[in-house]
Structures are given as C-alpha cells and as structure tokens.
Student: 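Pasting a structure below so you can have a look.
Being a predicted model, the structure only gives us computed values, none of them experimental.
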Amino acid sequence: MWISILSLFLHVASCTPPAGDEGENDENDNYDLFYELKELEGSAGTILSINQGVTVGRNSWFEFEISNFQENKIITPGVHEGWCIEWTKQIAQQGDIHENVRMFSTYGKDRWKPLNYFLNIKDDLLLQDPDLTFREFQVVIWLVVHGPDFDLNKLSTNQLPARLRDNGEPIFDAEKAKNIAAKVKSEASSFIYSSGKTFAVLMDTGSDKQDVVVPVTPPADTVSHGFVEGVTPANIDPEMAERTYPVLQAGWEGPGGDKRWLGWNLGAVRAPASVDDDSPESAGWYFSFNFMNGFFPEAGNNQKVPDHIPGPVSGPQNPDLDSDWIEKDPCTLLLDDPWRVPAAEEWQAAADAGAASQLNLHYGGYILGNLSFLTERGTQGFYWSSTRHIGANRAILAEFSSESGFLVNINSPMLMWSGLPLRCIED
C-alpha cells in the first residue's frame, strides 16, 4: 500500500507541493503566462514526452522529447532539457506523454529578458561553481519569472515543491539561488536578443496542467553577397566587396515582427561598437531612395564627400522618384529574393516594440543630397523605408536619437536624393 502511494506521488509531483499543502496561489488563475507571445506556426498538436532530468542523468528539472510539429527555424524535434515555469501546478512525468501541446516563443520580449538572460549565463555559472545543481537553477527560474509569488523569505519548508525538500529539510542552497536571481534581475535590462542567443520556448500543456519551458539556441544565421555591378559603391575594390551579415529573428507584434532582419547595415563589415559609433565600417553604404547604386563615404562625419553622392543631386522630374522602392531594391539585388528594404509599416512595428537595440541600430547619419555632405554620424540614426511619401520627392524613414527615441517619421519625410543607410528584411 505504501509503495503504491509513493509510486503515484513520484509519478505526478513535479513543480508543486501535494494537494492540501499551503502553496497554492489564487493569483495563478488570473496570470496570463502567454500574454503577447506568438505561437510558433505549426506547433498545435505537438507531442511532449517527459522524464525527470535527474533520472536520465541530466542536470535539469526535466528532459523532454518533442515531436509532431511543423519544421521551423527555432526549435528542432528531439530531446531537450526542460524546466517548470509555474511552481503551483502539477504535470504527469516519468515517461508520460502529453498531446496537443502548443509552443510560444519569448524571443524579443522585454518581459522575458530576466529568464532569457539567465538561460544564457547558466552554463557559465556552473563553470564558476560546479556544486550548483538543477534545484538551484529551477529556483532561480521561479524567482525571476513574474507571476504567482515564489518568495524564499516567506515560504516555509513544507510549502516548497516536493523535489526541493527531503525529510522536512531543504535540499538546495537557497542563498546561492537568491544571489543568482538578484544578479539576473540587476543585469537583465542590458541583455540584447540576437542571433545565436538562447531564449525560452513556452509549452502550453493545458489550462489545468503545469506549463513548461524549453531553452533553445538556434544556430547563428548569416547571409552573404559579393560584388554586384551598379549596386556596390564605385570606390569598393570588387575583390574586397564580399560582405557577410548576421541575421536576426524578430519577435514583436505587427508587420515584420515575425520576419528575419539583417543585424548590420547593408555594406557594413562589423557591428557597431555602441549606439553612437561613427565609424564608416559600421555605417556601411548609403543609398538614395529608389536608386540601386550605393555610396561608401570614407570621409569622416561633417565633411564634404569627395566624389559623388549615391543618387542625383536633384531630380524632381525623375520617374524613379514616383513610386515605392521595388524594382531597384539594393537588398534584393545584393541578397536575392526574398530580401528587400522594409516598408514603413514594418519599421513602425519595430519602433513601437522599441527594437532599436535588438536590431543593433546606431547613429549612422546621412548624406545631404544637394550638398554631398555627410552629417549626424555618431549623433542620429536614419534608415530608409521602401515607402514613398505623398509629399513631392520625399520618402518615409525610420530615425532615432537620444532625444527623440526610435520613431518612423511621417511628418518630416526625407528628400529622396539624400543618402541613407539601409537595413534589409526577409519575406
């Protein structure tokens, strides 16, 4: 009899104390775990097989086998480490199979920065302190995730989840967990989502069951191009024209929020060292609106550009200024379909999400088209959209600075023959 009861307890106990223990929290019923998260396309119907990590030799709360979902660029079928996200719910484990699970990405979400920052430093913490176990790591996750209160200063031992105690005593280092959680909370705001970084995929197992989290690290993605006559600036040696850019997966609401973007300016050879980086190597190439030929100003900021600007000095009668940027799109010509210059509405969604740091935008300045004069590099950032403005000879741009923030400028669009950097988006 006692053996059967113990077996049943080990079968279902995961993140929560047994029913009847103090530890249930009414806030759990009102807490929307998946608020503003986007479900991974094709994830409905996912099958999740669960084991306790320790039973299969893994230093994690769970080990998951995930299958039966549409292939995507975020998570692969197979075996993954897993963690609890809600400490007040149960879920069957030890080989149990859960069907019709749905998956949600936390990529790009400020709300989930503490958890995602922790997932990126977890292995380094273990190297620094090999005595850390899955128990301390699970406690840190509960401490940094918003939701039903998990407060080690208030919970008694018998209120702790069953796998954190034995014979009435805690079996984890509470002080280490609290110190790590404090470090994460103080440093998470500086965490930047980017290609190759780890982030959490939340697994919705059902309203009455424990929802869980899987750390994923999609491989760092890149896209490249070589010399393209008529697009590559004339002062770039064709043998030195090859460029390779990191690709960033967006994670915000609205148009373009589920697409991939270049992580650097078109033509750049390195990431900006800071938002006010004024180096030509980070600024990349400059283009006039609806003109495919780029220009690389080797001169410094606030200097006359010596040769030519990337488009016409004037051209109100030029038919190239009468439409959106489509046929002569440098992103398409250099990177091929489906890359293109982002539309104004896509920049607007990025601005609404405050995604400047995620996209590694910086103050690249621009070239005054009628003066061939490079200005504002190091103080303001400007990026063309592909959208022509209704005003004569003007187009809509995204811009940002320390004073105005990140915005899409519809009220003061830029003259089309000015030279602005480009950032590309993939359909």
Student: Spell out, as yes or no, whether a donor-acceptor pair under 3.5 Å connects the side chain of H98 to the backbone of A92.
Tutor: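 Checked: pair present.
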Student: Considering non-hydrogen atoms only, spot the tightest contact between S385 and I396 and give its length.
Tutor: OG-O, 2.6 Å
Student: Closest approach of R165 and L160, non-hydrogen atoms and distance?
Tutor: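 Where R165 meets L160 most closely, the heavy atoms are NE-O, 2.6 Å.
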Student: What pairs of residues pass the salt bridge (charged side-chain N to carboxylate O under 4.0 Å, His left out) test when at least one of them lies in residues 262-286, not counting sequence neighbours?
Tutor: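 Found R270-E281.
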Student: Keeping S418 on the side-chain end and M414 on the backbone end, is there a donor-acceptor pair under 3.5 Å?
Tutor: no
Student: Is it the case that the side chain of Y363 and the backbone of S402 share a donor-acceptor pair, with hydrogens and angles ignored and the cut-off at 3.5 Å?
Tutor: yes
Student: Tell me yes or no: between the side chains of Q128 and D124, is some donor less than 3.5 Å from an acceptor?
Tutor: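 There is no such pair between these side chains.
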Student: Flag the pair K122 and E81 as a salt bridge only when some basic side-chain nitrogen lies within less than 4.0 angstrom of an acidic carboxylate oxygen.
Tutor: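 Yes, this pair counts.
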Student: Taking all atoms of both residues into account, what is the closest heavy-atom pair of V275 and L361, and its distance?
Tutor: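 Nearest pair, atom of V275 first, then L361: CG2-O, 4.0 Å.
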Student: Verify, without hydrogens or angle tests, whether S404 (side chain) and F400 (backbone) share a donor-acceptor contact under 3.5 angstrom.
Tutor: no
Student: Is there a donor-acceptor pair under 3.5 Å between the side chain of T332 and the backbone N or O of D337?
Tutor: no
Student: Could you pull out the closest heavy-atom pair between V212 and I85, with the gap in Å?
Tutor: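 Reported closest heavy-atom pair: N-CG2, 4.2 Å.
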Student: Classify the angle between the aromatic ring planes of F150 and W87 as parallel (below 30°), tilted (30 to 60°) or perpendicular (above 60°).
Tutor: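 Answer is perpendicular, since the angle exceeds 60°.
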Student: Do the side chains of E187 and K183 get close enough for a salt bridge, i.e. N-O under 4.0 angstrom?
Tutor: yes
Student: For the residue pair K197 and N116, confirm or rule out a side-chain donor-acceptor distance under 3.5 Å.
Tutor: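 Short answer, no.
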Student: May I have the step-by-step check of side-chain contact (heavy atoms from CB on, under 4.5 Å) for Y383 and W347, ending in yes or no?
Tutor: CA-CA 9 Å; Y383 292 87; W347 274 120; 3.6 Å; yes
Student: Just grab all the salt bridge (charged side-chain N to carboxylate O under 4.0 Å, His left out) pairs involving residues 34-58, residues at least two apart or on different chains.
Tutor: E39-R102, R58-E63
Student: Output a table of donor-acceptor pairs, distance under 3.5 Å, between side-chain atoms of residues 247-256 and any protein atom two or more places apart or on a different chain; print 'none' if there are none.
Tutor:
unit_1 : atom_1 : unit_2 : atom_2 : d
Q249   : NE2    : D258   : O      : 3.1

Student: With a 6.0 Å cut-off on ring centres, are F34 and F104 close enough?
Tutor: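 F34 vs F104: aromatic centres under 6.0 Å.
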Student: Under a 4.5 Å cut-off applied to non-hydrogen side-chain atoms, are L125 and L132 in contact?
Tutor: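 They are in contact (side-chain heavy atoms under 4.5 Å apart), so the answer is yes.
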Student: Taking F134 as the fixed residue, which of F172, W83, W61 is the one that meets the ring-ring contact (aromatic ring centres under 6.0 Å, His included) rule?
Tutor: W61
Student: Assess the side chains of Q52 and T55: does a donor N or O sit below 3.5 Å from an acceptor N or O?
Tutor: no
Student: Any donor-acceptor pair under 3.5 Å linking the side chain of R135 with the backbone of R163?
Tutor: yes
Student: Is it the case that the side chain of T205 and the backbone of Q210 share a donor-acceptor pair, with hydrogens and angles ignored and the cut-off at 3.5 Å?
Tutor: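 Between the backbone of Q210 and the side chain of T205 there is a qualifying donor-acceptor contact (under 3.5 Å).
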Student: Show the nearest heavy-atom pair for residues Y286 and P297, with the distance to one decimal.
Tutor: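 Smallest interatomic distance, heavy atoms only, reads CD1-CD, 3.4 Å.
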Student: Grab the two heavy atoms, one from P114 and one from D110, that are nearest each other, plus how far apart they are.
Tutor: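 Minimum heavy-atom separation between P114 and D110: CD-O, 4.0 Å.
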Student: Any donor and acceptor pair, going by atom type alone, linking the side chain of E65 with main-chain N or O of I50 inside 3.5 Å?
Tutor: no
Student: Please step through side-chain hydrogen bond (donor to acceptor under 3.5 Å, both in side chains) for the pair N179 and E175, ending with a clear verdict.
Tutor: CA-CA 6 Å; N179 288 338; E175 290 305 311; 5.1 Å; no
Student: Identify which one of V213, V214, L40 satisfies the side-chain contact (heavy atoms from CB on, under 4.5 Å) criterion when paired with L202.
Tutor: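 That would be V213; it is the only one of V213, V214, L40 passing the side-chain contact (heavy atoms from CB on, under 4.5 Å) with L202.
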Student: Verify, without hydrogens or angle tests, whether R423 (side chain) and L262 (backbone) share a donor-acceptor contact under 3.5 angstrom.
Tutor: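 Side chain of R423 to backbone of L262, a donor-acceptor pair under 3.5 Å: yes, one is there.
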Student: For the residue pair P330 and V231, establish whether any side-chain heavy-atom pair is separated by less than 4.5 Å.
Tutor: yes
Student: Only one of W112, F137, F199 passes ring-ring contact (aromatic ring centres under 6.0 Å, His included) with F118; say which it is.
Tutor: F137
Student: With the side chain counted from C-beta on, respond yes when Y245 and N265 share a heavy-atom pair under 4.5 Å apart, and no when they do not.
Tutor: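 They are not in contact (no side-chain heavy atoms under 4.5 Å apart), so the answer is no.
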Student: Do S224 side-chain atoms and T244 backbone N/O form a donor-acceptor pair below 3.5 Å?
Tutor: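 A pair under 3.5 Å: no.
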Student: side-chain contact (heavy atoms from CB on, under 4.5 Å) between F289 and W325: does it pass, once the steps are laid out?
Tutor: CA-CA 7 Å; F289 185 89; W325 204 339; 3.6 Å; yes
Student: Would you say T46 and N100 make side-chain contact, with heavy atoms under 4.5 Å?
Tutor: no
Student: Are F62 and H80 close enough that their ring centres sit under 6.0 Å apart?
Tutor: no
Student: Set out, in order, the CA-CA distance, both residues' side-chain angles and the distance that settles side-chain contact (heavy atoms from CB on, under 4.5 Å) for L143 and L152, then state yes or no.
Tutor: CA-CA 8 Å; L143 289 172; L152 292 178; 4.2 Å; yes
